[in-house]
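To keep things clear, I will list the structure first and then write my remarks on it.
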2 protein chains.
Amino acid sequence: MNEFRDEITILKALAHPARLAILEALRQSEACVCHLEALFGWRQAYLSQQLMVLRAAGLVADRREGWNVYYRVARPEIYAVLDALDQAVPNTESLPHPAFLSSCACPQCQGKSKSDRLTLQIEVENR
Amino acid sequence: MNEFRDEITILKALAHPARLAILEALRQSEACVCHLEALFGWRQAYLSQQLMVLRAAGLVADRREGWNVYYRVARPEIYAVLDALDQAVPNTESLPHPAFLSSCACPQCQGKSKSDRLTLQIEVENR
DNA sequence: TAATTATATTCAAAAAGACGAATATCATGG
DNA sequence: CCATGATATTCGTCTTTTTGAATATAATTA
């Protein structure tokens, strides 16, 4: 039963709505924590905890740039798993994920001209 | 975050070595509980518990035939998920799964001629 | 109907996971 | 070096999951 060890770790990491949502967000591009904070409206510590689990499972990697830490997917093959899952599930309706908010103050955001930024308001649960 | 509910249930069901093993066994064909018992060498109640979780997640279905209850995969698309996972993981070595033992007394087994049966002995953890 | 076989469910204790609150770390600007 | 901004970690509590043990149920045969 040892052959499963890694798979189990990854499946456990995936089996959580917040972490799935993070991975969906990172599908589009890498993102700093403040981005994700703005996107989801979660407490910073909560977000960090979830990122920690994803990191421990080897699913995401991080890169520090000054104040900000950028997260990216470390194992893009994981999306094949998620896609296959979507196929397998009598899916309610998997709405495409909301784009990033512009409320993040990281240099990457501030570098963009205001008109480039998306202003889509999304409703998320507050945690 | 509601779109994930079903996926989460399924992922949780998958995130367990015994349940993954059961699904791998059922990949080949349906099997009665006694088969799986003989194959894995687990307690009957333990096996039944795991089957219950898989059933609750909608992953397997059962069919009663006299004394025996045969389990089969209810959502074959799930194997696409498992295959994708295998691809994604720096897999130790995913040994092909052992064939069924012949020690099961169900009619399906007894119907086979002795020479048809596999006698491969496998080592499994005893639970 | 009673005994038997195959399987399912319940119960309880231990372990693991979730998450809010508080606190720590790390880089930067003054 | 100190204050601040961004992020990470620790801690405590609550909930869920895991699993052995015991017990229950369903089908079958005597």
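Numbered from 1 within each chain, the chains take letters A, B, ... in sequence-line order. Worth knowing before you read on, the calculation uses all heavy atoms, side chains too, and leaves out hydrogens, waters and symmetry mates.
Contacts of Arg55(B) classified as side chain to side chain donor-acceptor pair (under 3.5 Å), with partners at least two apart in sequence or in another chain: Tyr71(B). When the side chain to side chain donor-acceptor pair (under 3.5 Å) test is applied to Asp62(A), no partner is found at least two apart in sequence or on another chain. Evaluation of the side chain to side chain contact (heavy atoms under 4.5 Å, CB included) rule for Gln49(B) yields Arg43(B), Tyr46(B), Met52(B) as partners, not counting sequence neighbours. Residues meeting the salt bridge (charged side-chain N to carboxylate O under 4.0 Å, His left out) test with Arg27(B), sequence neighbours left out: Glu24(B), Asp83(B). With sequence neighbours excluded, the residues forming a side chain to side chain contact (heavy atoms under 4.5 Å, CB included) with Ala61(B) are Arg72(B), Ala74(B), listed by chain and number.
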Under-3.5 Å N/O pairs linking protein and nucleotides 28-30 of chain C:
| from | atom 1 | to | atom 2 | distance (Å) |
| --- | --- | --- | --- | --- |
| dT28(C) | O4' | Trp67(A) | NE1 | 3.1 |

Atom pairs, protein N/O to nucleotides 12-17 of chain C N/O, distance under 3.5 Å:
| from | atom 1 | to | atom 2 | distance (Å) |
| --- | --- | --- | --- | --- |
| dG17(C) | OP1 | Lys12(A) | NZ | 3.4 |

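Rounded to a whole Å, the CZ atom of Arg43(B) is 16 Å from the C1' atom of dA6(C). Atom pair Tyr46(B):OH and dA8(C):P shows a separation of 16 Å (rounding to whole Å applied). Atom CZ in Arg63(B) sits roughly 12 Å away from atom P in dT7(C) (whole-Å rounding). Atom CD in Glu30(A) sits about 12 Å away from atom P in dT7(D), given to the nearest Å. Rounded to a whole Å, the CG atom of Leu11(A) is 16 Å from the C1' atom of dT17(D). Atom OH in Tyr70(B) sits roughly 13 Å away from atom C1' in dT7(C) (whole-Å rounding). Look at CG on Leu47(A): it is 15 Å from P on dA18(C), rounded to the nearest Å. Following rounding to the nearest Å, Met52(A) (CE) and dT23(C) (P) show an atom-to-atom distance of 18 Å.
Closest to the side chain of Gln49(B), from the set dG20(D), dT9(C), dC19(C), is dG20(D). Set against dT7(C), dA21(C), dA8(C), the side chain of Ala45(A) has dA21(C) as its closest nucleotide. Side-chain proximity of Asn68(B) to dT7(C), dC26(C), dG20(D): nearest is dT7(C).
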Please step through side chain to side chain contact (heavy atoms under 4.5 Å, CB included) for the pair Arg75(A) and Val89(B), ending with a clear verdict. CA-CA 9 Å; Arg75(A) 212 187 286 277; Val89(B) 171; 5.5 Å; no
I'd like to know whether Ile78(B) forms a side chain to side chain contact (heavy atoms under 4.5 Å, CB included) with Val81(B), so could you lay out the CA-CA distance, the side-chain angles of the two residues, the decisive distance to 0.1 Å, and finally the verdict. CA-CA 5 Å; Ile78(B) 205 62; Val81(B) 176; 4.2 Å; yes
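When the side chains of ILVMFWY residues are joined at heavy-atom separations under 4.5 Å, either directly or via intervening members, Leu39(B) and Val60(B) end up in a single hydrophobic cluster.
Note that CG of Leu11(B) is 6.0 Å distant from CG of Leu20(A), once rounded to the nearest 0.5 Å. Considering CG of Leu26(B) and NE2 of His35(B), their distance stands at 11.0 Å, rounded to 0.5 Å. Distance CD/Glu7(B) to CG/Leu14(A): 11.0 Å, rounded to 0.5 Å.
Note on the helix from dT1(C)-dA30(D) to dG30(C)-dC1(D): terminal axis deviation equals 10°, with five pairs used at each end and the result rounded to 10°.
Between Gln44(A) and Gln44(B), it is Gln44(A) whose nearest contact on DNA chain D lies nearer the 5' terminus.
Screening Ile22(A), Leu51(A), Thr9(A), Leu54(A) for a side-chain contact (heavy atoms from CB on, under 4.5 Å) with Leu59(A), the sole residue that qualifies is Leu54(A).
Checking the phosphate oxygens (OP1, OP2) of dA8(C), a side-chain nitrogen or oxygen of Tyr71(B) falls inside 4.0 Å.
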